[in-house]
Amino acid sequence: MDIPPDVAEIRAEPPNSLDWNGSHTRKIKLTAPNINLSLDHSEGSLLSDDNLDTPDELDINVDDLDTPDDADSFDYAGQDDQPARGEAVQEDFESIQEYTAEGERADNRLWRTVVIGEQEQRIDMKVIEPYKKVISHGGYYCEGINAIIVFAACFLPDSSRPDYNYVMENLFLYVISTLELMVAEDYMVVYLNGATPRRKMPGLGWMKKCYQMIDRRLRKNLKSFIIVHPSWFIRTILALTRPFISSKFSSKIKYVSTLAELSELIPMEYVQIPETIVKLDEELRESESAKAGCLPNEPEMNNLEAEFEKKMGDNV
């Protein structure tokens, strides 16, 4: 049977994995279907009616749609607002600072842990920072390491503070712990009472608590408690505390009216006296001098009065 030449060319060759003659396998070319990509409404195009048919349930009545009116309008933040919003984000980002190791060490310095009466206490150093001058070291007296501790009441906080009790509690712990660090052997306390208004004077409860919290060693080694420029208020407070303190402690209390008298008892080289107290002491000395200046004239005034009465009697 003879095979037409055209059919012989179309028929594909049988697969053969071995290329005996070294020739390549013939490739078959497939013809793609015709697709009409025109944008007109002709048959077969993408915009023809056959391709754009939609189901009846998807028909939309434009008249039934709700459209926004002026009341429903909203403001759109355009490009002009972008820089301002970007700056706000930048400021918020800059406000969040990284917590560095240096900042952590600074926070740790704001609190001090001390042991008082065999109990561990924490002191808020930040809240008492303005009042740390209330206690200072005034050097030594006699021979050895007998310390002079200066307590300036004028540096105490004002009782009108809303957190007064909290400040005084932390200040009390600071004073007691500092006293234990300053004192090695015998010591004396110089209490500067001058230039201290009534609202800054410590209360009876605070002073009683101080005395009770002082270690037995500190009570025993205290040799003198000198009060400079005593007022009637401090004298009354000390009189009220006598039932709570020992007679030995009461015998150590001394009153000094001027800084000159204080200098006769202790060396003043390293004693830090606040300027307000120095000014008060000068005013007190001037007033004392004025009073003393009038004393010699009193006999003369008495003689003049006697002579005047005698003359009046003679005239009668």
Side-chain angles (χ1 to χ4, degrees), residues 105-157 164-193 196 200-228 234 237-238 241-242 244-254 262 265-274:
R105 288 193 298 269
D107 288 345
N108 291 334
R109 287 196 297 268
L110 298 179
W111 291 88
R112 176 185 296 180
T113 302
V114 297
V115 177
I116 300 176
E118 299 181 356
Q119 293 184 358
E120 187 175 279
Q121 306 282 352
R122 296 193 68 194
I123 305 175
D124 189 345
M125 300 301 294
K126 183 177 181 179
V127 75
I128 67 170
E129 181 65 29
Y131 314 109
K132 291 171 63 176
K133 292 182 179 180
V134 73
I135 187 172
S136 61
H137 200 293
Y140 301 93
Y141 68 98
C142 298
E143 297 179 357
I145 50 177
N146 302 323
I148 301 174
I149 308 300
V150 181
F151 188 95
C154 60
F155 291 127
L156 288 171
Y164 176 75
N165 293 330
Y166 177 77
V167 175
M168 289 298 288
E169 180 180 353
N170 283 272
L171 187 60
F172 158 74
L173 296 175
Y174 173 76
V175 170
I176 298 299
S177 60
T178 305
L179 189 61
E180 292 181 351
L181 294 175
M182 290 181 176
V183 173
E185 294 183 359
D186 296 342
Y187 70 103
M188 69 166 53
V189 174
V190 177
Y191 185 90
L192 301 176
N193 183 70
T196 304
K200 288 189 175 184
M201 292 296 298
L204 178 61
W206 191 83
M207 297 184 68
K208 177 183 175 182
K209 186 178 180 181
C210 281
Y211 179 78
Q212 292 176 344
M213 291 292 290
I214 292 177
D215 186 75
R216 183 178 181 277
R217 177 184 68 88
L218 295 177
R219 296 185 191 179
K220 182 179 179 181
N221 293 346
L222 178 62
K223 298 306 177 183
S224 181
F225 191 90
I226 304 175
I227 301 178
V228 185
I234 194 65
I237 290 292
L238 291 176
T241 57
R242 286 185 182 274
F244 309 106
I245 61 179
S246 64
S247 58
K248 292 183 178 179
F249 181 81
S250 299
S251 62
K252 299 175 182 179
I253 299 176
K254 299 180 180 179
L262 180 63
L265 301 176
I266 63 172
M268 299 288 291
E269 183 179 1
Y270 300 104
V271 177
Q272 298 179 3
I273 306 295

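Index from 1, following the sequence.
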J.: Roughly how far, to the nearest 0.5 Å, is CZ of Arg216 from CG of Asn221?
T.: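 If I round to the nearest 0.5 Å, the distance is 10.0 Å.
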J.: Can you tell me how far CE of Met201 sits from SG of Cys154, rounded to the nearest 0.5 angstrom?
T.: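 One finds 11.0 Å between SG of Cys154 and CE of Met201.
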J.: Compare every heavy atom of Ile145 with every heavy atom of Tyr140, then report the nearest pair and how far apart it is.
T.: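 Smallest interatomic distance, heavy atoms only, reads CD2-C, 3.5 Å.
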J.: Measure the spacing between CG of Asn165 and CD of Glu169 and express it to the nearest 0.5 Å.
T.: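 Taking CG in Asn165 and CD in Glu169, the distance rounds to 8.5 Å.
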J.: Not counting sequence neighbours, which residues clear side chain to side chain donor-acceptor pair (under 3.5 Å) with Tyr270? List them please.
T.: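 Tyr270: no side chain to side chain donor-acceptor pair (under 3.5 Å) contacts found.
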J.: Can you check side-chain contact (heavy atoms from CB on, under 4.5 Å) on Gln121 and Phe172, steps first, answer last?
T.: CA-CA 11 Å; Gln121 306 282 352; Phe172 158 74; over 6 Å; no
J.: Please check: side-chain N/O of Lys200 versus main-chain N/O of Phe155, any donor-acceptor pairing under 3.5 Å?
T.: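 A pair under 3.5 Å: no.
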J.: Check the pair Ile149, Val190 against side-chain contact (heavy atoms from CB on, under 4.5 Å), reporting the backbone distance first and the verdict last.
T.: CA-CA 6 Å; Ile149 308 300; Val190 177; over 6 Å; no
J.: Please round to the nearest 0.5 Å and tell me the distance separating atom CD1 of Ile266 and atom CD1 of Ile148.
T.: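 Going from CD1 on Ile266 over to CD1 on Ile148, the span is 4.5 Å.
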J.: Using side-chain contact (heavy atoms from CB on, under 4.5 Å) as the criterion, list what pairs up with Leu265, not counting sequence neighbours.
T.: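 Scan of Leu265 (side-chain contact (heavy atoms from CB on, under 4.5 Å), adjacent residues dropped) gives Ile226, Val256.
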J.: Between side-chain atoms of residues 125-138 and protein atoms elsewhere (two or more places apart, or another chain), which donor-acceptor pairs fall under 3.5 Å?
T.:
unit_1: Tyr131; atom_1: OH; unit_2: Arg161; atom_2: NH1; d: 2.6
unit_1: His137; atom_1: ND1; unit_2: Gly139; atom_2: N; d: 3.0

J.: I'd like to check the side chain to side chain donor-acceptor pair (under 3.5 Å) partners of Asn193; sequence neighbours left out, ordered by chain and number.
T.: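 Scan of Asn193 (side chain to side chain donor-acceptor pair (under 3.5 Å), adjacent residues dropped) gives Ser231.
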J.: Do you know the tightest heavy-atom contact between Thr196 and Leu192?
T.: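 Closest approach of Thr196 to Leu192: OG1-O, 4.3 Å.
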J.: Might you point out which heavy atoms bring Pro267 and Tyr141 nearest each other, and give the distance in Å?
T.: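 Here Pro267 and Tyr141 meet closest at CD-CB, 4.0 Å.
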J.: Using the ring of each side chain (for Trp, its six-membered ring), is Phe249 parallel, tilted or perpendicular to Phe225, with breaks at 30° and 60°?
T.: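 Aromatic pair Phe249/Phe225 classed tilted.
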J.: Please name all residues satisfying side-chain contact (heavy atoms from CB on, under 4.5 Å) with Arg122, sequence neighbours left out, ordered by chain then number.
T.: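 Partners of Arg122 by the side-chain contact (heavy atoms from CB on, under 4.5 Å) criterion, ordered by chain and then number, come out as Trp111, Thr113.
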J.: Rounded at 0.5 Å granularity, tell me how far CD1 in Ile253 sits from CD1 in Ile227.
T.: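 Between atom CD1 of Ile253 and atom CD1 of Ile227 there are 5.5 Å.
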J.: Under 3.5 Å, which donor-acceptor pairs do the side chains of residues 173-188 form with other protein atoms, sequence neighbours left out?
T.:
unit_1: Ser177; atom_1: OG; unit_2: Leu173; atom_2: O; d: 2.9
unit_1: Ser177; atom_1: OG; unit_2: Tyr174; atom_2: O; d: 3.0
unit_1: Thr178; atom_1: OG1; unit_2: Tyr174; atom_2: O; d: 2.6
unit_1: Tyr187; atom_1: OH; unit_2: Leu218; atom_2: O; d: 2.8

J.: Between Val189 and Ser224, is there a side-chain heavy-atom distance shorter than 4.5 Å?
T.: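 The answer is no, as the side chains (C-beta and beyond) never meet within the 4.5 Å cut-off.
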J.: Calculate, to the nearest 0.5 Å, the distance between atoms CE and CG belonging to Met168 and Leu156 respectively.
T.: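 Here the interatomic distance stands at 5.5 Å.
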J.: Is there side-chain contact between Tyr166 and Leu171, with heavy atoms separated by less than 4.5 Å?
T.: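 Contact flag for Tyr166/Leu171 side chains = no.
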J.: Looking at Tyr191 and Ala153, what are the two nearest heavy atoms and their distance?
T.: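 It is OH-CB, 3.6 Å.
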J.: After noting the C-alpha distance and the side-chain angles of Met268 and Leu262, does the key distance pass the side-chain contact (heavy atoms from CB on, under 4.5 Å) rule?
T.: CA-CA 8 Å; Met268 299 288 291; Leu262 180 63; 3.8 Å; yes
J.: Is it the case that more than 12 heavy atoms not belonging to Lys254 sit under 6.0 Å from its NZ atom?
T.: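 Check fails, neighbour count at 12 or below.
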